[in-house]
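First the proteins, then the strands, lettered A, B, ... as listed; each starts at 1.
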Number of protein chains: 2
Amino acid sequence: MYDNNRSKIMSKDKNNPTAAELEILNILWLKQPLTVKEIHIELIKTKDVGYTTALKIMQNMTGKGLLKRILNGKSHLYTAAIKKEETQQNLLSKFVDTAFAGSASSLVMQLLGNKKTSKKELDEIKKIIDEMEQNQ
Amino acid sequence: MYDNNRSKIMSKDKNNPTAAELEILNILWLKQPLTVKEIHIELIKTKDVGYTTALKIMQNMTGKGLLKRILNGKSHLYTAAIKKEETQQNLLSKFVDTAFAGSASSLVMQLLGNKKTSKKELDEIKKIIDEMEQNQ
DNA sequence: TTGCAACTACGATAAAAGTCGTATATATTT
DNA sequence: AAATATATACGACTTTTATCGTAGTTGCAA
């Protein structure tokens with residue numbers, strides 16, 4: 001009815017995974033390959049979701065090229081089709097833009113100021129910074 | 001038809017602003033109050049969007065409690081009803097969970113490894129870390 | 001005071017994400 | 001071979017976000 005293509009014309013979007021898709025990817029990035037059943041068992045540890053919902057999301061993800069699958073007897077075995085680091089990089093880049101108006105440093109400031117970031121995490125971050133400075 | 005209330009029962013969600021809503025909030029957090037017209041002028045600097053679209057989003061945001069408005073002659077003056085730091089904190093917390101499986105340190109690692117993060121940003125981040133270490 | 005320009009209000013539409021029921025196909029067991 | 005269990009496939013439905021057209025209201029200018 002009206003021009004709904006503008007944003008699509010302007011920005012070739014990265015087709016980033018959604019939150020629900022990331023839950024599945026995070027499971028697979030730890031251990032692959034897995035069946036829908038195995039993924040579902042992991043998912044219901046943190047949220048209440050039906051089996052066919054998990055199945056459908058994984059089918060959609062396969063269609064989008066986020067997952068690969070091979071037939072294994074009666075069921076399928078799924079693996080992540082995209083790399084963890086690249087994916088996180090894309091998501092982070094967009095997140096810095098939208099939530100922090102492009103300022104990575106203010107994001108880090110928030111992160112370090114957050115009481116919920118554990119001391120252990122803070123120490124790890126410092127260690128990373130130290131190592132980066134060593135390599136310069 | 002079926003129980004679609006589970007997630008709502010389980011998790012009282014923070015009703016975080018969406019990407020489009022954040023664009024508007026980021027403008028207001030720099031300068032307030034502003035009219036719809038003024039916001040729209042800012043928005044079209046980076047994306048092609050109609051006036052009534054901006055208006056509608058801002059009306060919705062007011063309904064959700066994200067913005068406040070007062071009548072000013074013929075039009076309204078809008079201000080952000082939520083604090084920048086708190087909002088960013090909520091968004092960041094959720095983002096670390098979903099995109100980085102809860103690991104803040106691996107987020108920072110990605111950030112520092114990102115070639116698109118400018119040297120200036122990196123220096124600022126180091127400075128923040130240094131200051132935090134001073135204060136301990 | 002009447003008309004135009006500027007605003008708001010409202011509703012229609014669309015796309016995407018998430019949800020799951022039901023139907024179907026395929027093994028496995030008895 | 002029939003019954004049961006296990007998987008997938010498919011489509012219906014809901015909610016949320018985003019989009020904008022059109023209608024109505026209001027203030028100001030001529």
Side-chain angles (χ1 to χ4, degrees), chain A residues 1-11 13-25 33-41 43-44 46-64 66-78 91 94 98, chain B residues 1-11 13-25 33-41 43-44 46-67 69-78 91 94 98:
Chain A
M1 203 63 70
Y2 47 79
D3 177 12
N4 198 9
N5 268 355
R6 290 200 276 200
S7 59
K8 285 169 193 168
I9 291 166
M10 301 299 289
S11 69
D13 245 346
K14 284 250 170 76
N15 202 25
N16 278 328
T18 65
E21 291 170 343
L22 275 169
E23 286 184 77
I24 289 168
L25 285 169
L34 294 175
T35 62
V36 175
K37 184 177 190 175
E38 290 166 323
I39 293 280
H40 182 238
I41 286 172
L43 289 178
I44 56 179
T46 54
K47 65 188 272 199
D48 191 3
V49 64
Y51 177 89
T52 55
T53 301
L55 168 66
K56 180 70 159 188
I57 292 175
M58 292 174 72
Q59 286 171 340
N60 291 345
M61 290 173 76
T62 306
K64 290 182 200 172
L66 298 179
L67 300 183
K68 284 181 228 166
R69 72 179 194 180
I70 59 169
L71 198 55
N72 178 255
K74 182 163 55 174
S75 68
H76 290 103
L77 283 174
Y78 287 81
L91 291 167
K94 174 174 273 185
T98 60
Chain B
M1 205 60 73
Y2 47 79
D3 177 14
N4 199 8
N5 268 354
R6 289 201 277 199
S7 59
K8 284 168 192 169
I9 292 165
M10 299 299 287
S11 69
D13 244 346
K14 282 251 171 74
N15 202 25
N16 277 328
T18 65
E21 290 170 344
L22 275 169
E23 285 183 80
I24 289 168
L25 284 169
L34 294 176
T35 62
V36 175
K37 184 177 190 176
E38 290 166 323
I39 292 281
H40 182 239
I41 287 172
L43 289 178
I44 57 179
T46 54
K47 65 187 274 202
D48 191 4
V49 63
Y51 176 87
T52 55
T53 301
L55 168 65
K56 181 69 157 185
I57 292 175
M58 291 174 74
Q59 287 171 340
N60 291 344
M61 290 173 77
T62 305
K64 290 182 200 172
L66 298 179
L67 300 183
R69 72 179 194 181
I70 58 168
L71 197 55
N72 179 256
K74 184 162 53 176
S75 66
H76 291 102
L77 282 174
Y78 287 82
L91 292 167
K94 174 175 274 184
T98 61

**OP:** Could you check B:Lys56 against B:Val36 and say which one's nearest nucleotide on DNA chain C is further toward the 5' end?
**Re:** B:Val36
**OP:** For A:Lys37, answer base if it contacts any base atom (sugar-phosphate contacts may also be present), sugar-phosphate if it contacts only those atoms, and nothing otherwise; contact means non-hydrogen atoms under 4.0 Å.
**Re:** sugar-phosphate
**OP:** Using atom CD of B:Glu21 as one end and atom C1' of D:dA18 as the other, report the distance to the nearest whole Å.
**Re:** 10 Å
Original post:
Expressed in angstrom and rounded to an integer, what is the separation of A:Ile24 atom CD1 from C:dT19 atom C1'?
Top reply: 13 Å
**OP:** Not counting sequence neighbours, list each pair that qualifies as a side-chain hydrogen bond (donor to acceptor under 3.5 Å, both in side chains) and has a residue in residues 52-63 of chain A.
**Re:** none
Original post:
Mapping B:Thr53 and B:Lys64 onto DNA chain D by nearest heavy atom, which one lands closer to the 5' end?
Top reply: B:Lys64
Is any side-chain nitrogen or oxygen of [X] closer than 4.0 Å to OP1 or OP2 of [N]?
{"X": "A:Tyr51", "N": "C:dG21", "value": "no"}
{"X": "B:Gln59", "N": "C:dA9", "value": "yes"}
{"X": "B:Thr18", "N": "D:dA18", "value": "yes"}

**OP:** Could you list by number each residue of residues 68-77 of chain A showing a heavy-atom separation from DNA chain D of less than 4.0 Å, or answer none if no residue does?
**Re:** A:Arg69, A:Lys74, A:Ser75, A:His76
**OP:** Name all residues meeting the side-chain hydrogen bond (donor to acceptor under 3.5 Å, both in side chains) criterion together with A:Lys47; count only those two or more places apart in sequence or in a different chain, and write none if there are none.
**Re:** A:Glu23
Original post:
By ring pair (Phe, Tyr, Trp, His ring centres under 6.0 Å), which residues pair with B:His76, not counting sequence neighbours?
Top reply: none
Subject >> Partner residues of A:Lys74 under the side-chain contact (heavy atoms from CB on, under 4.5 Å) criterion, sequence neighbours left out >> reply: none
Subject >> Pairing residues for B:Ser75 by the side-chain contact (heavy atoms from CB on, under 4.5 Å) criterion, not counting sequence neighbours >> reply: B:Thr35
